[in-house]
Each structure stands twice: as C-alpha cells, then as structure tokens.
Amino acid sequence: MSIQLSKTTALNDHVERKAQDTKGDKVVAGVSHTMLALWTLMVLIPLLWTLLSSFKTTKEILASPFSLPADWKFENYLNAWNTAGIGNYFFNTVIVVGFALVIVMVLGAMCAYVLARYVFPGSRAIYYLMLAGLTFPIFLAIVPLFFILKNIGLLNTLPGLIIVYVAFALPFTVFFLFSFFKALPHEIAEAAQIDGAGEWRTFFQVMLPMAKPGMASVAIFNFLGLWNQYLIPVAINTKPENYVLSQGIAAFAGQMGYAVDFGAMFAAAIIVIIPVLIMYVLFQRQLQGSVSAGTMK
C-alpha cells in the first residue's frame with residue numbers, strides 16, 4: 001500500500017512539473033508563432049502587391065497603388081517578355097545558371113567527398129583554402145577577373161560568366177557538403193568495394209545518393225545566389241545581347257527614364273521570381289530532410 005502511495009505521489013509531482021513546463025512552452029510557442037506570422041506577412045504582402053501591380057497600368061499604380069486592377073492587363077507580361085527583351089535575358093540566365101549549377105554541384109560534391117573521406121598530404125590545406133574562399137569579397141576580384149577573361153578571350157561571353165559563377169560558388173558547395181560526406185558510414189563504401197565497385201562507381205551510385213538531402217539544399221542556395229547575381233555580370237558581361245535578368249531589368253528601368261512602364265516592370269519582377277518559387281517547391285522535401293538530418297547528428 002505504501003509503495004502504491006509513493007508511486008502515486010511521484011506521478012502527481014511529475015504531472016505538476018510537466019504542467020509548469022507546459023506553460024513556459026506555451027509562452028515560447030506563442031511568441032515564436034507570432035514572430036513567424038509577422039515575418040510571413042512582411043514577405044507575402046510585398047509579393048502580393050507586386051503581383052497585383054503587374055496587372056495594372058502605370059496610371060492605376062500611381063493613382064491607387066493598393067487597389068485591385070480595374071482591368072487585368074495580361075499584356076504587361078507580353079510587353080515585358082517581348083518589348084523589354086526579358087525573354088532573351090531569361091534564356092541567357094537559364095543557360096548560365098543551369099550550366100554553372102550542374103558543374104559546381106558535380107565538382108563540389110567530388111571535392112567534398114575526397115576531402116571528407118580520404119587523408120592525403122595537403123588535404124587539410126586544400127580544405128582551409130576552400131574556407132578562405134568564402135571570406136573573399138567578390139568586388140576585390142572584379143579587376144583581376146576582367147583581365148583574365150580578356151586574355152583568354154572569354155570576356156563578355158556566356159561561357160566566361162559560367163566559369164566565374166562556378167569559381168565563386170564552389171567554396172560554399174564544398175564547405176556545405178563536407179559534413180554530409182563526413183557523416184556517412186564507412187562500412188557502406190567498404191561493402192560496395194567488396195562487391196567489386198570501383199571508386200567512381202562507389203561515389204556516383206552509392207555515396208552520392210545518400211547525400212541527396214544535402215545536395216538538394218546546397219543546390220537551392222546556389223541557385224538563389226546565381227540567379228540573383230548582379231555585380232559579376234555588370235563587370236564582365238557588358239554586351240546587351242548577353243545580358244542576364246538582373247542586368248536586363250536594370251537596363252529596362254534605365255532606358256525608360258521618367259516614362260517607366262511600371263506594369264511591365266512589375267511583370268518582369270514576377271517573371272524573375274517564378275523560377276525561384278518553382279525551384280523551392282521542387283526541392284522543399286529534400287531541404288526539410290537535410291535540416292532534420294542535421295539536427296539529429
């Protein structure tokens with residue numbers, strides 16, 4: 001009887017402590033959810049305003065910027081795509097970012113795998129040099145890059161822009177993927193080698209698929225950084241026919257002077273945003289999986 005009473009008393013004490021902890025958790029949860037709601041509104045309201053403004057005329061935007069469009073001007077997107085040349089800039093950006101992203105993901109994954117799984121003279125030095133690349137400001141390299149690309153004949157070309165994008169995205173890719181490959185069990189690679197798989201097959205068919213969440217996450221970050229890049233294209237890609245989207249929109253706004261077609265301008269902004277949203281939706285599950293895996297390690 002006394003044992004049951006002691007168990008009951010201990011259980012009641014545990015319930016009381018849990019109830020006290022729950023109140024604090026509710027406060028923290030309430031504050032965090034409130035902050036998240038405010039942050040969501042700060043992001044969504046400008047985005048929705050831009051979307052609505054893309055269907056208005058310039059007169060409507062200046063007269064009543066927060067009202068719904070009187071007539072939905074879908075031709076704003078046609079004007080932005082054709083008249084402003086956003087279509088050409090869009091395809092240039094897709095080519096540059098697409099090739100640069102594929103190259104940097106393959107090279108970055110291979111480099112991170114070797115540095116994380118193999119020990120050889122100079123491996124740590126190479127890793128720290130990669131980390132040093134993260135701290136190097138882009139604007140300090142603009143003048144050397146200009147002369148290097150000019151000397152090899154790639155200045156004002158899309159291949160030259162792709163090479164530069166790869167060079168600046170590679171350190172972050174290696175740094176991000178290093179921990180993923182470091183955490184993978186060595187037994188799996190050893191089992192693959194026992195089954196007759198070589199180094200290349202082990203990497204591409206066994207180890208690389210296991211790092212899929214990390215690959216998806218770093219692909220999103222690289223895509224965002226490369227898609228929105230402005231300083232590098234302005235410095236080394238000055239031919240109008242080779243402009244990317246960031247250059248094209250800036251040139252479109254500058255050419256109009258005081259007679260800016262704000263409807264087409266907002267439509268161009270939506271065109272720039274749509275691929276980023278699609279990229280995030282496609283890789284959202286992998287991004288969440290990588291975050292969960294990182295918190296469990």
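Positions are given from 1 along the sequence. Because the structure is a prediction, the values reported are computed rather than measured.
Of all the heavy atoms in Pro209 and Phe204, the pair that sits closest is CD-O, 3.4 Å. Closest approach of Leu226 and Ala169 over heavy atoms only: CD2-CB, 4.5 Å. Heavy-atom minimum distance, Ser64 versus Lys56: O-NZ, 3.1 Å.
Of the possible polar contacts, none joining the Asn92 side chain to the Leu158 backbone as a donor-acceptor pair under 3.5 Å is found. A donor-acceptor contact shorter than 3.5 Å links the side chain of Trp227 to the backbone of Val272. Listed for the Thr58 side chain is a donor-acceptor partner under 3.5 Å among the backbone atoms of Phe262. Asn242 places no side-chain N or O within donor-acceptor distance of the main-chain N or O of Asn237, the cut-off being under 3.5 Å. Looking at Trp81, its side chain never comes within 3.5 Å of a backbone N or O of Ile271 through a donor-acceptor pair.
Distance check: Ile270 CD1 to Leu51 CG gives 5.0 Å after rounding to the nearest 0.5 Å. Distance OG/Ser123 to OH/Tyr127: 11.5 Å, rounded to 0.5 Å.
Under the 4.5 Å side-chain heavy-atom criterion for ILVMFWY residues, a single connected hydrophobic cluster contains both Phe147 and Ile152.
Within a 6.0 Å sphere centred on CZ of Phe99, other residues, nucleotides and ligands contribute 12 heavy atoms or fewer.
The aromatic rings of Tyr243 and Tyr89 sit tilted, their planes meeting at an angle between 30° and 60°.
Considering only residues two or more places apart in sequence or on other chains, Phe181 meets the ring pair (Phe, Tyr, Trp, His ring centres under 6.0 Å) condition with Tyr113.
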